[in-house]
Amino acid sequence: MDVTPILDGLNDAQRQAVTAAAEPMLVLAGAGSGKTRVLVHRIAWLIEVERVSPLGILAVTFTNKASAEMRARIETLLNMPVGNLWVGTFHGLAHRLLRRHYQEAQLPQGFQIIDSDDQLRIIKRMIKGLELDETAWVPREVQYFINAQKDEGRRAANMDDRGDYSRAQMIKLYQSYQDICERSGLVDFAELLLRAHELWLKNPDILGHYQRRFQHVLVDEFQDTNTIQYAWLRVLTGKTGIPFAVGDDDQSIYGWRGARGENMQRLQTDFPGISLIKLEQNYRSTANILNAANAVIDNNAGRLGKKLWTDDNEGDPIRIYNAYNERDEAEFITARIQDWVAQGNARADIAILYRSNAQSRVFEEAFFQNSVPYRVYGGLRFFERAEIKDAMGYLRLIQNRDDDASFERIINLPTRGIGAATITIIRDCARANATPMWHAALSSAGGQLSARAANAVQTFLALIEKIDEDTQGLDLHEQVNRTINQSGLIAHYKKEKGERGEARIENLDELVTAAEGFEPDDAELELPPLMAFLAHAALEAGDDQADKWEDCVQMMTLHSAKGLEFPLVFMAGVEEGLFPHKRSINDPSGLEEERRLCYVGITRAMQQLYISHAEQRRMWGSETYAQASRFINEIPAELVEDIRPKIAVSPPAFNSSNRQAVRRPNAATRSDAPIKLGQRVSHAKFGEGVVMNYEGAGPHARVQVNFEYEGMKWLVMSYAKLELL
DNA sequence: AATATCTTGCAGTCG
DNA sequence: GCAAGATATT
């Protein structure tokens with residue numbers, strides 16, 4: 001047996017983990033230490049050397065991307081397809097189990113998965129239907145409450161209100177929401193996991209089957225598991241299963257969705273003899289980048305303790321850019337990207353990382369203007385677009401008439417004479433009889449509808465039946481195509497004026513193309529095509545729609561960057577209030593999670609890292625002002641090179657940073673405006689200040705100046721008589 | 001009931 | 001600065 005390809009190029013710690021005996025193992029793997037590599041090689045080792053059947057191995061990841069990549073790497077390494085090896089996300093695997101055992105899980109065969117947007121809509125309608133005050137019972141908070149309970153494995157029926165009225169009401173809402181889902185055959189993301197767990201607990205025979213089958217359970221990003229995911233894994237491994245968990249407590253950034261970094265410690269208590277291996281050698285970043293990351297994360301308490309090191313040389317300093325505003329920041333980054341590309345490097349090697357999706361906008365504008373190809377990850381994804389959801393609403397109703405969420409979404413879209421009043425009657429009737437709305441509509445809400453309304457409703461029902469009938473037996477894409485046409489959605493959006501309508505039609509066309517190119521993965525192969533397609537849409541949301549092959553700059557949030565690496569990284573908007581986010585700033589554990597997020601960001605960079613922050617930023621249509629993030633100050637000064645485009649000789653007084661500025665005469669050149677951003681000026685009354693912004697040109701131009709003592713003011717040039725300093 | 005116009009809330013991160 | 005929801009208008 002030649003094991004060379006499996007062991008080649010592994011360091012001691014990695015090889016130890018890969019070749020370990022069949023016993024529980026926890027691998028504490030720092031960023032860039034070859035975490036995925038160890039997992040992939042471990043699986044290859046089990047199959048090739050230990051002669052474990054691929055059937056006996058379960059590999060769990062968090063993202064679809066990670067599981068696709070893992071399978072691909074395993075197959076490359078083994079040089080053969082391993083279709084019977086289960087690799088998937090927690091949600092994907094739970095879904096697969098629930099489809100296989102829908103009866104034991106007490107789900108209808110055609111159950112549908114809803115995303116958080118659908119969930120929120122259901123909750124909103126429910127609150128309205130119960131005639132509760134929406135300001136007292138905020139839909140978002142109710143949603144958060146419900147999901148948090150599910151993440152912890154709690155059902156409304158088993159919850160104690162602790163004599164607290166508001167808690168009691170929340171529990172009632174949780175129950176009521178659950179009733180709606182049951183009636184409609186809908187399952188939300190958290191429900192997938194909870195149901196899959198309950199499926200095993202309630203059906204020892206099914207559990208026994210999977211326990212016998214999956215002797216080896218490998219988990220990536222273990223620090224991100226939440227309570228229910230941990231419980232699910234724990235139940236599966238039982239007394240004989242062998243967990244192989246890989247994680248990094250310093251990269252635990254999903255606390256807000258219930259992740260428990262403590263699960264790493266818990267695994268050690270649950271499996272007392274578990275082996276612990278630390279991977280501390282980083283193969284990704286320069287020493288400067290790594291040292292910066294280590295210095296930042298060192299400010300967190302209660303870490304499992306590991307120190308990343310590298311053989312790599314120091315590399316370039318971390319470059320900090322202090323921008324005037326977000327446009328300046330974007331222009332600076334655009335210029336640096338153009339330099340990088342001019343030196344013969346690839347755009348695809350560049351990532352712009354930011355804290356929130358909304359920040360992508362400014363960059364998109366700047367890149368568009370400068371013809372820089374880019375790709376934005378996340379944000380509004382394909383299957384989350386309104387028109388796509390409308391089309392999916394029809395498809396879902398065809399698949400499952402009980403789906404109230406879809407029913408309400410499309411009953412009057414396009415408008416067909418069914419107004420709010422009619423829908424309310426149907427909804428109330430459905431609730432009174434605890435039936436799906438489709439059923440209530442069939443009887444025209446027990447005859448409560450006016451003749452005209454009843455007629456319109458029956459026409460709608462007939463339309464759905466007709467589409468169902470007409471599309472029976474057609475290929476999936478033809479089914480989708482017929483549906484969007486017969487539903488009248490295409491005609492409806494054609495009437496919508498402007499580019500908006502056109503874009504929507506294009507997206508609907510793209511939906512047909514997506515259906516045409518849809519290849520169910522092996523779990524989905526077991527399902528009818530339409531059902532597989534709908535489930536796929538809910539679980540994947542269309543992340544990888546864009547052209548991967550084009551050489552373009554990659555833009556994404558810090559969260560979605562985890563697991564990736566780029567030669568050149570820009571971290572933008574690193575400001576107090578934005579990063580760390582203002583909602584976490586006063587909460588010590590929240591702040592530590594932000595810091596871990598910063599650690600994740602820094603460690604994405606291989607060769608060069610730029611961190612930028614803007615003094616002024618337009619948010620929700622108005623200006624905000626912020627200081628450089630505390631995280632920037634946590635990076636040792638000797639690793640840093642400050643870049644300031646200020647021509648000003650005297651240092652700006654309002655800037656708290658005390659680093660030495662590096663002069664860059666060219667960076668500030670901004671068109672031929674008489675006044676430059678960052679220009680120091682003096683005003684007879686207000687004293688000295690710095691130009692932060694301007695509008696227009698000539699004598700009518702207005703400039704915004706940040707005065708040392710008077711603060712921010714807008715001035716008209718022709719009156720202000722500013723003296724340039 | 002449909003459409004036009006105004007107001008409000010939003011955007012913190014994901015499957 | 002935008003989209004969904006509320007309100008006004010037809």
Side-chain angles (χ1 to χ4, degrees), chain A residues 60-67 88-95 113-121 124-125 128 134-135 138-140 144 147 150-151 187-193 221 224-226 228-229 252-259 353-362 365 377-381 383-386 412-423 450 452-453 456 492 495-497 500 535-543 556-563 573 577-585 590 593-594 596-598 600-601 618-623:
Chain A
V60 194
T61 64
F62 274 83
T63 64
N64 296 305
K65 203 192 220 163
S67 70
T89 64
F90 276 101
H91 292 89
L93 294 167
H95 175 238
I113 302 166
I114 53 169
D115 65 18
S116 46
D117 190 59
D118 299 326
Q119 185 185 38
L120 187 60
R121 281 164 170 273
K124 271 187 190 164
R125 271 201 308 270
K128 273 191 190 148
E134 255 192 77
T135 52
V138 184
R140 279 204 162 277
Y144 182 84
N147 289 335
K150 290 189 175 188
D151 285 345
V187 173
D188 59 51
F189 289 136
E191 185 74 19
L192 283 171
L193 304 173
E221 308 277 15
D224 287 338
T225 52
N226 65 24
I228 194 71
Q229 286 160 338
S252 170
I253 55 175
Y254 288 106
W256 52 273
R257 64 171 199 205
L353 308 181
Y354 36 76
R355 179 63 235 267
S356 68
N357 276 309
Q359 283 169 258
S360 71
R361 196 189 184 80
V362 200
E365 281 166 11
Y377 288 76
L380 186 59
R381 286 172 291 186
F383 285 105
E384 290 169 355
R385 289 169 195 278
N412 198 33
L413 190 103
T415 52
R416 48 173 72 88
I418 302 171
T422 306
I423 295 172
S450 70
R452 195 167 66 154
H492 175 248
K495 275 189 275 175
E496 193 172 350
K497 37 196 166 304
R500 186 72 151 266
H536 184 89
L539 285 173
E540 299 223 359
D543 241 351
M556 67 194 83
T557 62
L558 287 150
H559 282 88
S560 48
K562 187 159 67 131
L578 189 57
F579 187 33
H581 194 271
K582 56 179 176 292
R583 293 201 194 174
S584 303
I585 240 163
E593 181 153 315
E594 296 281 315
R596 291 193 290 271
L597 190 55
C598 182
V600 167
R618 208 173 165 79
M619 289 172 90
W620 340 57
S622 59
E623 303 295 346

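In what follows, every chain begins at residue 1, and chains take the letters A, B, ... in the order their sequences are listed. Atoms considered below: every heavy atom in the structure, side chains included; atoms not considered: hydrogens, waters and symmetry mates.
Distances shown here put a side-chain N or O of Thr557(A) below 4.0 Å from the OP1 or OP2 atom of dC14(B). The side chain of Ser560(A) contributes no N or O atom lying less than 4.0 Å from OP1 or OP2 of dT13(B). The phosphate of dA11(B) has neither OP1 nor OP2 within less than 4.0 Å of any side-chain N or O from Arg355(A). Listed pair His559(A) / dC14(B) fails the phosphate criterion, with no side-chain N or O lying under 4.0 Å from OP1 or OP2. The side chain of Thr422(A) contributes an N or O atom lying less than 4.0 Å from OP1 or OP2 of dA1(B).
No side-chain heavy atom of Trp256(A) sits less than 4.5 Å from a side-chain heavy atom of Arg583(A).
Asn412(A) comes within 4.0 angstrom of the backbone, heavy atoms only, and of no base. Residue Gln119(A) is classed as having no contact, given no heavy-atom separation below 4.0 Å to the nucleic acid. Residue contacts for Arg596(A): at a heavy-atom cut-off of 4.0 Å it reaches no nucleic acid atom on any strand shown.
Evaluation of the side-chain contact (heavy atoms from CB on, under 4.5 Å) rule for Ala538(A) yields Ile113(A) as partners, not counting sequence neighbours. Applying the side-chain hydrogen bond (donor to acceptor under 3.5 Å, both in side chains) test to Gln359(A) and every residue at least two apart in sequence or in another chain returns Ser356(A). When the side-chain hydrogen bond (donor to acceptor under 3.5 Å, both in side chains) test is applied to Arg125(A), the partners found at least two apart in sequence or on another chain are Glu408(A). Residues satisfying the ring-ring contact (aromatic ring centres under 6.0 Å, His included) criterion with His91(A), sequence neighbours excluded, are Phe189(A). Tyr354(A) pairs by the ring-ring contact (aromatic ring centres under 6.0 Å, His included) definition with nothing, not counting sequence neighbours.
Distance, Arg140(A) CZ to dT8(B) C1': 14 Å, rounded to whole Å. As rounded to whole Å, 13 Å separates atom P of dC10(B) from atom CG of Asp117(A). Atoms CD1 (Ile114(A)) and P (dG15(B)) sit 17 Å apart, rounded to a whole Å. As rounded to whole Å, 15 Å separates atom P of dT13(B) from atom CE of Met556(A). For the pair Asn357(A) CG and dA11(B) C1', the computed distance is 8 Å after rounding to whole Å. Atom pair Leu558(A):CG and dT13(B):C1' shows a separation of 9 Å (rounding to whole Å applied). The interatomic distance linking Phe579(A) (CZ) with dT13(B) (P) rounds to 13 Å, in whole Å. For the pair Asn226(A) CG and dC14(B) C1', the computed distance is 12 Å after rounding to whole Å.
In the set dG15(B), dG12(B), dA1(B), the nucleotide with an atom closest to the side chain of Asn64(A) is dG15(B). Distances were taken from every side-chain heavy atom of Tyr254(A) (C-beta onward) to each of dC14(B), dG12(B), dA11(B); the shortest belongs to dC14(B). Closest to the side chain of Glu594(A), from the set dG12(B), dA11(B), dA1(B), is dG12(B). Of the candidate nucleotides dG12(B), dA11(B), dG15(B), dG12(B) has the atom nearest to the side chain of Ser356(A). Candidate nucleotides dA11(B), dA1(B), dC14(B) were compared by shortest atom distance to the side chain of Ala421(A), and dA1(B) ranks first.
With DNA chain B read from its 5' end, the first of the two nearest nucleotides for Ala420(A) and Glu593(A) is the one closest to Ala420(A). Position along DNA chain B of the nearest nucleotide to Ile253(A) versus Ile418(A) favours Ile418(A) as the more 5'-ward residue.
Not a single donor-acceptor contact under 3.5 angstrom links the side-chain atoms of Arg257(A) to the base of dT13(B).
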Distances for protein N or O near nucleotides 1-5 of chain C N or O, under 3.5 Å:
residue, atom, partner, partner atom, Å
dG1(C), O6, Trp620(A), O, 3.3

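Rounding to the nearest 0.5 angstrom, the gap separating the NZ atom in Lys562(A) from the CZ atom in Phe62(A) is 7.5 Å.
By the criterion of a centre-to-centre distance under 5.5 Å and near-parallel planes under 30°, the ring of Phe62(A) forms no stack with the base of dC14(B).
Under a 3.5 Å cut-off, the side chain of Glu593(A) and the backbone N or O of Gly255(A) do form a donor-acceptor pair. Judged by distance alone, with hydrogens and angles left aside, the side-chain atoms of His492(A) form no donor-acceptor pair with the main-chain N or O of Leu413(A) at under 3.5 Å.
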